[in-house]
Amino acid sequence: MALNTEILSRAATEARGLAMDAVQAAASGHIGLPLGSAEVGAVLFGHALRYYPEDPAWINRDRFVLSAGHGSMFLYSWLHLAGYDLPLEELKNFRQLHSKTPGHPEFRETPGVEATTGPLGQGVGNAVGMAVAAKMAEARFNTGEHMIFDHKIICLAGDGCLQEGISAEAASFAGHQKLDNLILIYDSNDVTLDAMAIKTQSENTALRFEAYEFEVHTVDGHNMEAFLEVFERARNSSSGKPQFIVSRTLIGKGIPEVAGTNKAHGEAGVKFVDAARKALGLPDEKFYVSKETREYFANHKQELKRRYLDWQDKFGAWKSANPELAELLEQGVRHEIPKDLLSRIPAFPKNSKIATRKAGSDVLQPIADALPLLIGGSADLYGSTLNYINKDKDFDASNRAGRNIRFGIREHAMCAMLNGVAYHGIFRPSGATFLVFADYCRPSIRLASLARLPVIYIVTHDSVGVGEDGPTHQPVETVSGLRVIPNLDVIRPGDPEETAGAFVAAVSRTDGPTLIALTRQAIPIQNDIPIDLRRDGVAKGAYVAIKETGALKVIILATGSELQHAINGAKQLSDGIRVVSMPCTERFLRQEQNYQDEVLPPSCRKRVAIEAGATILWSRFVGLDGKIIGIDRFGMSAPGGKVMSELGMTAERVVAAVKSLSI
Ligand SMILES: Cc1ncc(C[n+]2csc(CCOP(=O)(O)OP(=O)(O)O)c2C)c(N)n1
């Protein structure tokens, strides 16, 4: 079908008007990108993308990610015009309380928004993750007879996204992995926020992406026919490479006073909007959309519907021919897990003394058997994180069905890609590195938490017990630093059975991410606590591990490798000592008050907490009268056991702290 440039030019002008009016009404926002890329939006949403607005969750839709999330009015305008459930009223409420048009795009808040973006570069990582998931879906679900997955991942990124290191990591991975289903559009307008881009960058970005093994195209982003021609070439390319389109645009096009300068980037152009609207031929009516544009998009929607229904026919035939695959796909989309998952994990030998990372490896295998859509990866640390799915192989260009992803030493992009896999909506992503490097992942973990993505992080070497590698590799503040991220569950299991509980809790969670912190060093199994209690207790975040004899006098709280010291300490003390294992503070705080009070009776104010890390969060649980044994300094380079005892992680310290409470 030929491109209707006449009507799409009009639509582009009206989209410019919508962005100007919304930013003017909010007195806040970014006009530059929506104006500069208006023709690109018209070609994509009015012609080239495959989607169906009535079913925004259609599994074979093209995914469009606006990595340059500050240009959110670009996305909202085009989603509105395309016919998504985003009425004009929502555009009028841009950036206002409870609107579907938040300042930056937020997944789940707006139909058609595929990813939460704004922190620059994240969307590029998300898009690469989606491209991985799409390749996996093709390999796992398409059959010789029916191709139900053939969608593309399209990402629009600006100079800011490409300056951020995360996009370099993600692009290097995408090129290496030959993700030819990815089309990255670079809105190249020579402008960033503070200044012209020349002040901060001088590399040849096209050559940089060629070096990453992308196929590179350059086009005038205002010439719709030329842009479509390049886009279709990218979509149909047989080079086997991801595609990079340098789309040359004039930022703020339509407001001559600021266009082409960094003044166009934000809302500085607002004061010229009235004149600009006139010059563009827009009527005085704000938020104006012509009858012709409405008609065009209504017809286009019918065309998209025909394609969508054709696909539904194909999908129906595939489903009847492959009922087991269809069931698996549905389980993936619904994030279903078997109810008896915990019981499928064999109990650990009663005499085992292993690191919880090793326990994690053992636990992962039966879980991976039970959840064929669970996938994993590691940032070049499989040998230490031990999270390889043993019955499966690597994901790579020759094996798109592989469930183990070698992310390379790219922690930040790894986590953005895991988010991308989760956004894509079929596979359950997990990824691994050392806990101390979670700092390299933090921006993506934060977004997973905000977007309520069920991502799993397996982070090992979780304390100064790391030992000889020294303080650079010994997390101290990291666990508690992560605990303050809203909607992130941080689980630090205290023995192999709690590790089983931790993994099952993580895969059971569908409304947010879970980070499991595991030890490098071997720790004893806690046979004093019944196995079911250890396994099930994790789901509640905390539980009474050792009940006091006689009247309750003191509560000792512990997590992870320090649970052993709490229990050993309690054994050396008299009656009345309760040990509470608290592997996950967030889960515990979500329990009903009754349960919380049962585990930590408010009347018992003599409390001691022990954890090999920063003490600050524990004051919440021990109160003003309690004592905290922790580590508020960097670690030291020496064998792990020595560092632990040097820094006070011992049963003796527990005993002394309890005694100091004058019982
Ligand atoms: C990680 C991060 N750092 C800083 C910002 C603030 N910021 C928003 S847009 C922008 C400039 C982006 O420039 P470019 O991508 O060229 O966008 P354009 O000016 O073309 O709209 C900056 C620094 C951000 N959103 N995310």
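Whatever order the structure lists them in is the order used to number ligands and atoms, beginning at 1. Every heavy atom of this structure was used, including side-chain atoms; hydrogens, water molecules and symmetry mates were not.
Looking at ligand 1, you won't find any N or O of L193 less than 3.5 Å from one of its N or O atoms. Geometrically, ligand 1 and D187 share no nitrogen or oxygen pair separated by less than 3.5 Å. Taking distance alone, with nitrogen or oxygen atoms compared against 3.5 Å, V191 approaches ligand 1 more closely than that limit. Of the polar atoms of G118, at least one N or O is found under 3.5 Å from an N or O of ligand 1, judged by distance alone.
In this structure, the side chains of R248 and D190 come closer than 4.5 Å at one or more pairs of heavy atoms. Between F94 and D21, the closest side-chain pair of non-hydrogen atoms is not below 4.5 Å.
Around atom CZ of R446, no more than 12 heavy atoms belonging to other residues, nucleotides or ligands sit under 6.0 Å away.
Contact atoms of ligand 1 toward T192: 13 (O), 16 (O), 19 (O) (distance under 4.0 Å to a heavy atom of the residue). Each of the following atoms of ligand 1 lies closer than 4.0 Å to a heavy atom of E164: 1 (C), 2 (C), 3 (N). Counting atoms of ligand 1 from 1 in the listed order, those under 4.0 Å from a heavy atom of I251 are 18 (P), 19 (O), 20 (O), 21 (O). Heavy-atom contacts of G158 reach the following atoms of ligand 1: 15 (O) (cutoff under 4.0 Å).
Atom 18 (P) of ligand 1 has H265 ND1, 3.4 Å as its closest protein atom, hydrogens excluded (heavy atom only).
With respect to E6 and R10, no salt bridge is recorded, no charged nitrogen being found less than 4.0 Å from a carboxylate O.
Of the heavy atoms in H30, none comes closer than 4.0 Å to ligand 1. Contacts between L120 and ligand 1 below 4.0 angstrom, taking non-hydrogen atoms only, involve backbone and side chain alike.
Note: F209 and Y186 fail the aromatic proximity criterion, with ring centroids not under 6.0 Å apart. Between F437 and H473, the distance from one ring center to the other falls under 6.0 angstrom.
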